[in-house]
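Numbering of ligands and ligand atoms starts at 1, following listing order.
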Amino acid sequence: MIGIPTDKLYLVGFMGSGKTTLARALGRRLGWRVVDLDEEIERREGRTVSQVFAQDGEPYFRKVERDVLLAFLPARHVIIATGGGTFIQAANRADILADGLTVWLDAPFNRIVDRVPSDGRRPLAADREAFAALFETRRAVYRLAHVRIDAQGRIEALVERVLHKLGW
Ligand code: S3P
């Protein structure tokens with residue numbers, strides 16, 4: 001794909017679509033570093049994502065998320081597993097699309113529901129009705145990724161799908 005840097009991968013998609021798992025498998029296969037933005041946020045903040053939301057609110061979380069994203073822009077040969085909302089923010093989206101091949105991991109809602117408990121660990125998943133509405137509205141944005149891959153299937157098959165998109 002002309003003009004898109006292929007020495008970096010971003011995985012975007014809804015909570016529970018399997019971004020972190022796929023990022024780790026791709027990292028092993030490519031020998032690239034794997035960065036999970038939520039983990040980096042938790043490391044930087046010294047508390048969990050749900051604590052950040054509860055104590056300082058979502059706008060603060062989005063600010064930290066953006067700072068962490070920006071800190072990794074210079075890194076190459078890295079796979080970035082974003083949080084479900086990272087690519088939804090317009091400024092993040094522009095930076096991500098310009099910085100690396102952006103892969104939307106598209107999972108059906110029934111699989112998401114099975115994988116994301118409403119236990120408070122993901123603050124935006126607590127209200128199931130709002131969660132379903134968020135899934136629908138966000139799909140229109142994830143669609144703006146460079147490529148879409150079906151999140152269903154064995155992890156090995158998903159890795160091959162991404163490598164194929166990379167032209168490997
Ligand atoms: C969020 C998704 C979460 C985490 C935070 C907000 C979102 O990441 O960043 O709870 O807005 O969809 P995962 O997609 O890794 O669950």
Side-chain angles (χ1 to χ4, degrees), residues 8-27 32-73 78-97 99-152 155 158-159 162:
K8 189 162 184 177
L9 276 172
Y10 284 91
L11 301 185
V12 306
F14 208 66
M15 289 166 259
S17 56
K19 300 178 296 277
T20 303
T21 306
L22 179 58
R24 294 203 178 113
L26 281 163
W32 290 6
R33 181 177 173 197
V34 175
V35 172
D36 182 281
L37 287 189
D38 284 337
E39 270 176 32
E40 292 299 328
I41 292 165
E42 292 187 341
R43 197 194 322 271
R44 180 186 282 217
E45 288 288 308
R47 51 190 175 151
T48 64
V49 166
S50 52
Q51 284 169 334
V52 176
F53 265 74
Q55 292 164 3
D56 290 309
E58 183 172 352
Y60 175 82
F61 172 81
R62 295 299 170 200
K63 191 177 113 27
V64 179
E65 180 180 54
R66 175 148 180 80
D67 285 351
V68 172
L69 174 72
L70 293 178
F72 282 100
L73 282 185
V78 55
I79 300 147
I80 310 264
T82 64
T86 316
F87 190 68
I88 304 302
Q89 312 297 314
N92 293 346
R93 190 161 64 248
D95 288 331
I96 289 171
L97 289 170
D99 190 46
L101 184 76
T102 305
V103 178
W104 169 28
L105 198 50
D106 185 14
F109 190 65
N110 57 8
R111 183 184 132 148
I112 302 272
V113 164
D114 287 347
R115 290 175 51 121
V116 181
S118 53
D119 58 2
R121 210 166 60 80
R122 287 180 173 96
L124 299 176
D127 174 340
R128 293 320 245 185
E129 230 168 88
F131 187 61
L134 196 63
F135 178 82
E136 285 308 326
T137 54
R138 282 184 172 181
R139 283 181 64 85
V141 183
Y142 296 135
R143 215 179 284 282
L144 301 171
H146 297 127
V147 297
R148 170 197 165 276
I149 67 161
D150 186 339
Q152 296 182 99
I155 190 76
L158 301 191
V159 167
V162 174

Undergrad: Provide, to 0.1 Å, the distance between atom 13 (P) of ligand 1 and the closest protein heavy atom, together with that atom's residue and name.
TA: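 Looking at atom 13 (P) of ligand 1, the protein heavy atom closest to it is Asp38 OD2, 3.5 Å.
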Undergrad: Can we say Asp56 and Arg47 salt-bridge, meaning some charged N sits less than 4.0 Å from an Asp/Glu carboxylate O?
TA: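 Yes, charged N to carboxylate O under 4.0 Å.
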Undergrad: Side chain, backbone, both or neither: which applies to Leu124 and ligand 1 if a contact is any heavy-atom pair less than 4.0 Å apart?
TA: side chain
Undergrad: Does any part of the side chain of Val52, heavy atoms only, come nearer than 4.5 Å to the side chain of Tyr60, both counted from C-beta?
TA: yes
Undergrad: What I want to know is whether Gly84 and ligand 1 share at least one N or O pair that is separated by under 3.5 angstrom.
TA: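 Checking ligand 1 against Gly84, an N or O pair does fall under 3.5 Å apart.
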Undergrad: Nearest protein heavy-atom contact for atom 16 (O) of ligand 1: which residue, which atom, what distance?
TA: Arg122 NE, 2.5 Å
Undergrad: Is there a polar contact between ligand 1 and Gly85, counting only N or O atoms under 3.5 Å apart?
TA: yes
Undergrad: If you measure from each non-hydrogen atom of Arg138 to ligand 1, which part falls under 4.0 Å: side chain, backbone, both or neither?
TA: side chain
Undergrad: Taking 4.0 angstrom as the limit and counting only heavy atoms of Pro123, give me the atoms of ligand 1 inside it, by number and element.
TA: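 The list of qualifying atoms is 10 (O).
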Undergrad: So Val12 and Arg93, do their side chains get closer than 4.5 Å, heavy atoms only?
TA: no
Undergrad: What's the shortest distance from atom 5 (C) of ligand 1 to any protein heavy atom, and which residue and atom give it?
TA: Val49 CG1, 3.8 Å
Undergrad: So if I apply the side-chain hydrogen bond (donor to acceptor under 3.5 Å, both in side chains) rule between Tyr10 and each of Asp99, Thr102, Asp95, Thr82, which one comes out positive?
TA: Asp99
Undergrad: Determine, for Asp106 against Arg139, whether the closest basic-nitrogen to carboxylate-oxygen distance falls under 4.0 angstrom.
TA: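 So Asp106 pairs with Arg139 through a salt bridge.
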Undergrad: Centres of the Phe135 and Tyr142 rings: under 6.0 Å?
TA: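 They do not qualify: ring centres at least 6.0 Å apart.
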Undergrad: Any N or O on Thr82 sitting closer than 3.5 Å to an N or O of ligand 1?
TA: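 No; the residue has no nitrogen or oxygen that sits under 3.5 Å from a nitrogen or oxygen of the ligand.
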Undergrad: Among Arg62, Glu65, Glu58, which residue places a heavy atom closest to atom 11 (O) of ligand 1?
TA: Arg62
Undergrad: With a 4.0 Å cut-off on N to O distance, would you call Arg62 and Glu58 a salt bridge?
TA: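 Salt bridge present between Arg62 and Glu58.
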